[in-house]
Amino acid sequence: MASVMLTGGAGYIGSHTAVELIESGHQVVIVDNFSNSSPVVLERLQQIVGAGIVCERGDIRNADFLTEVFQRHRVDAVIHFAALKAVGESCEQPLNYFENNISGTITLLQVMQQQRVNGLVFSSSATVYGQPESCPIREDAALGITNPYGRTKLVMEQLINDICTAHPQFKAAILRYFNPVGAHVSGLIGEDPGGIPNNLMPFICQVAVGTRPQLNVFGNDYPTPDGTGVRDYIHVVDLARAHVAALDYLLREGQNITVNLGTGCGVSVLELVQAFEQASGRSVPVNIAPRRPGDIAECYADPALANRLLGWQAEYDVKRMCVDAWRWQSQNPEGFEPSR
Ligand code: NAD
Ligand code: UFG
């Protein structure tokens, strides 16, 4: 069993992955600066797994801090979640995104090399496909950029691939997530965006719980069956389990991989709203609004490569995603901390 550093491990996907890793017998060291998460998540993780959580508070851009963490703890591999991720914000503050995401990754890779840690699982995104030519999207589809956040993901993928080429002992699994939603079945951890949510599911949850009056649907004139945007929503627990499978694959096979993590099913905005209303018993009023700049009509994965290489496939359907998202939201109407 491995000892794994999770950068950004207190965040939405990292915290769910910590649970799945620990429940699979791995040890976890969370490294987070809490710039987009709450320390309360550590107490919640402890409640779920029934054991103390190792966490080092600090910034991945600080090489001295990272070096100390590697020296204090055994680390066999790193799962690198830490990043800023808001597309709109990245358009307003591109330098912050380049600095945090790209410089942070370079520092992490340098310290990993110094410490001779040679396994990396990296959080990439379907955003690297830009405006896809067709769906479902395979990993060999053309890549493109539609915003600075997406640029950071593409650059980081390229940096990691260059390092794999230069140092064959260094192995990486690049995971391109589609749209993670849902929450742990306990309702103790889930997605907690500060301020107004950018993404669809947390916005729907806040409308259902009464924090916001209605959902703006960004466009109903796309060339999709009901005119609204189509995405590949994947339950965060399925996604977390894919990280365990990717880590096991890296340690077992020692092969570099880049894989899509999605269900392969396209779901429209209105379909998700309807599924959520059924799951929660709450109504989610919608207002048809103009298209959001930069949005694409549809985006869903061909997950066959991950299915084949990792022996993994998404198990939870949209209904389950909504049930679990609603349990988290209704038990924690203001997220982890009312003030965030
Ligand atoms: P999140 O914001 O909930 O988690 C990221 C964590 O990283 C936060 O806890 C934050 O405090 C921490 N962090 C950020 N910069 C840091 C730094 N410099 N040093 C230390 N910690 C830092 O985001 P998430 O949804 O869990 O996403 C995790 C990863 O997955 C990110 O890399 C994101 O870009 C990627 N991703 C997310 C989605 C999505 O829709 N959630 C989709 C595709 C890819
Ligand atoms: N949408 C609305 N109203 C809202 C929010 C979203 O109608 O208030 C619509 C969007 O127009 C889109 C769909 O809901 O059609 C999904 O939007 P999200 O913002 O939830 O997700 P995106 O697919 O636009 O982007 C997300 C992340 C990106 C990531 C991408 C693929 O924000 O960083 O998934 O992983 F790159």
Side-chain angles (χ1 to χ4, degrees), residues 6-17 30-39 41 56-62 65-66 79-88 90 96-97 99-101 103-105 107-108 122-130 137 146-147 149-150 152-153 156 175-181 189-194 196-204 206-207 212 214-220 222 224 228-234 236 239-240 243 260-262 267-270 272-273 286-301:
L6 307 189
T7 74
Y12 173 47
I13 302 168
S15 57
H16 288 82
T17 303
I30 290 177
V31 171
D32 206 297
N33 65 359
F34 297 102
S35 58
N36 196 40
S37 50
S38 160
V41 81
E56 297 278 3
R57 184 177 194 141
D59 198 299
I60 58 159
R61 289 166 291 178
N62 181 339
F65 159 73
L66 271 187
I79 307 185
H80 179 31
F81 297 101
L84 300 176
K85 62 165 184 175
V87 171
S90 80
N96 272 351
Y97 274 68
E99 220 270 312
N100 193 79
N101 295 2
S103 300
T105 299
T107 303
L108 172 69
F122 175 65
S123 298
S124 190
S125 164
T127 193
V128 299
Y129 296 114
I137 306 173
T146 51
N147 58 70
Y149 163 73
T152 70
K153 287 290 165 192
M156 291 185 286
L175 308 182
R176 293 177 176 157
Y177 313 156
F178 281 66
N179 291 57
V181 296
I189 56 173
E191 187 168 14
D192 179 17
I196 303 171
N198 298 307
N199 299 116
L200 180 60
M201 183 64 107
F203 206 106
I204 291 177
Q206 292 196 5
V207 174
R212 305 194 186 275
Q214 63 182 17
L215 170 75
N216 285 318
V217 174
F218 298 142
N220 67 349
Y222 283 106
T224 59
T228 66
V230 165
R231 296 292 185 274
D232 185 339
Y233 298 97
I234 175 169
V236 67
L239 191 68
H243 289 72
N260 288 336
L261 295 179
V267 173
S268 76
V269 174
L270 294 179
L272 191 67
V273 169
V286 300
N287 166 55
I288 304 300
R291 290 182 180 193
R292 184 169 64 177
D295 268 0
I296 54 180
E298 60 172 11
C299 177
Y300 55 93

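Indexing begins at 1, ligand by ligand and atom by atom, following the structure's order.
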Open item on the list: When you measure from the heavy atoms of Tyr129 to every atom of ligand 2, does any distance fall below 4.0 Å?
Closed with: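 Contact check Tyr129 vs ligand 2: negative.
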
Numbering as shown, the atoms of ligand 2 that approach [X] to under 4.0 Å (heavy-atom distance):
X      : value
Val217 : 7 (O)
Tyr177 : 35 (O)
Gly229 : 15 (O)
Asn198 : 5 (C), 19 (O)

Mind checking whether [X] has an N or O less than 3.5 Å away from an N or O of ligand 2?
X      : result
Ile296 : no
Val87  : no
Thr127 : no

[atom]: which protein heavy atom is closest, and how many Å away?
atom                    : result
atom 34 (O) of ligand 2 : Asn179 ND2, 3.4 Å
atom 13 (C) of ligand 2 : Tyr233 OH, 3.7 Å
atom 3 (N) of ligand 2  : Asn216 O, 2.7 Å
atom 32 (O) of ligand 2 : Asn199 ND2, 2.8 Å
atom 11 (O) of ligand 2 : Asp295 OD2, 2.5 Å
atom 23 (O) of ligand 2 : Arg231 NE, 2.6 Å
atom 9 (C) of ligand 2  : Val269 CG2, 3.7 Å
atom 36 (F) of ligand 2 : Ser125 OG, 2.8 Å

Counting distance only, does the side-chain N/O of [X] pair as donor-acceptor with the main-chain N or O of [Y] below 3.5 Å?
X      : Y      : result
Thr7   : Ala82  : yes
Ser15  : Tyr12  : yes
Asn147 : Ser90  : no
Asp32  : Phe34  : yes
Tyr300 : Tyr233 : no
Asn33  : Ser35  : yes
Thr228 : Asn220 : no

TODO: From the options Phe178, Phe218, Phe203, Tyr149, select the one whose nearest heavy atom is closest to atom 4 (C) of ligand 2.
DONE: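 The option holding the nearest heavy atom is Phe218.
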
Task: With sequence neighbours excluded, residues passing side chain to side chain contact (heavy atoms under 4.5 Å, CB included) with Thr152 - done: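 For Thr152 the side chain to side chain contact (heavy atoms under 4.5 Å, CB included) partners, ignoring immediate neighbours, are Tyr97, Phe98, Asn101, Ile102, Tyr149, Met156.
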
- [ ] Could you pull out the closest heavy-atom pair between Lys153 and Ala83, with the gap in Å?
- [x]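 So the two residues come closest at NZ-CB, 4.0 Å.
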
Task: Minimal non-hydrogen separation, Glu191 against Pro180, with atom names - done: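 The answer is OE1-O, 4.4 Å.
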
Task: Contact residues of ligand 1 (heavy atom under 4.0 Å), by chain and number - done: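 Lining ligand 1: Gly8, Ala10, Gly11, Tyr12, Ile13, Asp32, Asn33, Phe34, Ser35, Asn36, Ser37, Gly58, Asp59, Ile60, Arg61, Phe81, Ala82, Ala83, Lys85, Asn100, Ser123, Ser124, Ser125, Tyr149, Lys153, Tyr177, Phe178, Pro180.
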
TODO: I would like to know whether Asp295 and Tyr222 meet side chain to side chain contact (heavy atoms under 4.5 Å, CB included); could you show each step before the answer?
DONE: CA-CA 10 Å; Asp295 268 0; Tyr222 283 106; 3.5 Å; yes

TODO: Examine the side chains of Asn179 and Asp232 and answer whether a donor and an acceptor come within less than 3.5 Å of each other.
DONE: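 On atom types as modelled, these side chains do not qualify, holding no pair under 3.5 Å.
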
- [ ] Between Thr228 and ligand 2, find which residue part has any heavy-atom pair under 4.0 Å and reply side chain, backbone, both or neither.
- [x]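 None of Thr228 does.
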
Open item on the list: Less than 4.5 Å apart, side chain to side chain, heavy atoms only: is that true for Leu215 and Leu200?
Closed with: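 Of all side-chain heavy-atom pairs linking Leu200 with Leu215, at least one is under 4.5 Å.
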
TODO: Rounded to the nearest 0.5 Å, what's the gap from CZ on Phe65 to OG1 on Thr107? Could you check?
DONE: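 It comes to 12.0 Å.
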
Task: Aromatic contact, Tyr177 with His243 (centres under 6.0 Å) - done: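 That pair passes the under 6.0 Å test.
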
